[in-house]
Amino acid sequence: MTDTAPQNPHQTLLRLAGQEIVFDEEGYFMDDTQWTEAICRELAAQNGLTEMHEEHWRVLYAYRDYYAYNGRAPLNRDLKKATGMSVLTMERLFPGGLKLGARRLCGLPNPKTCQ
């Protein structure tokens, strides 16, 4: 990972999996199209999640699929329906839980900027 100075002082530019990725000041992707599994794995490892299992990917892709279809992030009840897991189970999968863990790893923009 390499930090470089972004154009906007409220953004961070990181080099992950050979790409420069722009994050907002809270650590969310500025451009969800930059997300890849390789980038996700590097971010996860930096946050203490060194092994990604099928359950992790199910949650992350549930976020991404819902966002792609609806233009906004799913609510917890939508995630439960899409994954077949309880909210507590999903929370325990990610350091930082769903909001500060999975939500950042799945590559979606900051919930404050979603419609």
Side-chain angles (χ1 to χ4, degrees):
M1 169 182 78
T2 304
D3 289 340
T4 55
Q7 299 285 337
N8 183 327
H10 299 288
Q11 297 174 350
T12 302
L13 185 64
L14 299 177
R15 188 161 205 43
L16 298 163
Q19 293 183 295
E20 289 187 343
I21 311 297
V22 180
F23 294 89
D24 74 4
E25 59 193 356
E26 294 184 47
Y28 292 94
F29 278 68
M30 292 297 297
D31 179 358
D32 65 287
T33 65
Q34 291 187 299
W35 184 89
T36 66
E37 286 188 6
I39 290 167
C40 180
R41 283 187 185 94
E42 280 194 35
L43 283 174
Q46 289 176 12
N47 291 299
L49 181 58
T50 56
E51 291 187 42
M52 301 285 288
H53 300 285
E54 185 274 332
E55 293 85 4
H56 295 100
W57 296 114
R58 191 178 342 154
V59 172
L60 297 176
Y61 275 104
Y63 266 112
R64 293 188 62 76
D65 292 345
Y66 190 94
Y67 182 81
Y69 186 77
N70 296 285
R72 67 174 180 82
L75 300 173
N76 286 347
R77 70 174 179 251
D78 302 315
L79 285 175
K80 283 175 56 175
K81 184 178 179 181
T83 64
M85 292 186 263
S86 72
V87 172
L88 185 58
T89 298
M90 291 185 284
E91 287 276 351
R92 289 179 177 163
L93 287 172
F94 300 94
L98 290 172
K99 182 180 178 189
L100 299 177
R103 186 72 167 72
R104 287 181 174 154
L105 292 178
C106 73
L108 300 188
N110 194 325
K112 293 177 185 174
T113 61
C114 289
Q115 304 297 349

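Predicted model, so just to flag it, every value in this text is computed and none were measured.
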Find the distance between [atom1] ([X]) and [atom2] ([Y]) and round it off to the nearest 0.5 Å.
X     : Y      : atom1 : atom2 : result
Glu91 : Leu100 : CD    : CG    : 9.0 Å
Arg58 : Met85  : CZ    : CE    : 4.0 Å
Glu26 : Asn110 : CD    : CG    : 4.5 Å
Cys40 : His56  : SG    : NE2   : 9.5 Å
Ile21 : Ile39  : CD1   : CD1   : 3.5 Å

Does the side chain of [X] reach to within under 4.5 Å of the side chain of [Y], using non-hydrogen atoms?
X      : Y      : result
Gln19  : Gln34  : no
Leu108 : Arg64  : yes
Lys80  : Met90  : yes
Glu42  : Leu14  : no
Thr89  : Arg92  : no
Tyr63  : Leu105 : no

Give a yes or no on whether the ring-centroid distance for Trp35 and Tyr61 is below 6.0 angstrom.
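Ring-ring flag for Trp35/Tyr61: true, centres closer than 6.0 Å.
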Could you pull out the closest heavy-atom pair between [X] and [Y], with the gap in Å?
X     : Y      : value
Thr83 : Ala62  : CG2-CB, 3.8 Å
Ala44 : Met52  : CB-SD, 3.8 Å
Gly18 : Arg15  : O-NH1, 3.4 Å
Tyr28 : Arg104 : CE2-CG, 3.4 Å

State plainly whether one hydrophobic cluster holds both Tyr66 and Val59, where clusters connect Ile, Leu, Val, Met, Phe, Trp and Tyr through side-chain heavy atoms under 4.5 angstrom apart.
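As far as the 4.5 Å side-chain criterion goes, Val59 and Tyr66 are not connected within one cluster.
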Give a yes or no on whether the backbone of Thr33 and the side-chain of Asp31 come within a donor-acceptor separation of less than 3.5 Å.
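Indeed, once roles are kept as given, a pair shorter than 3.5 Å links the two residues.
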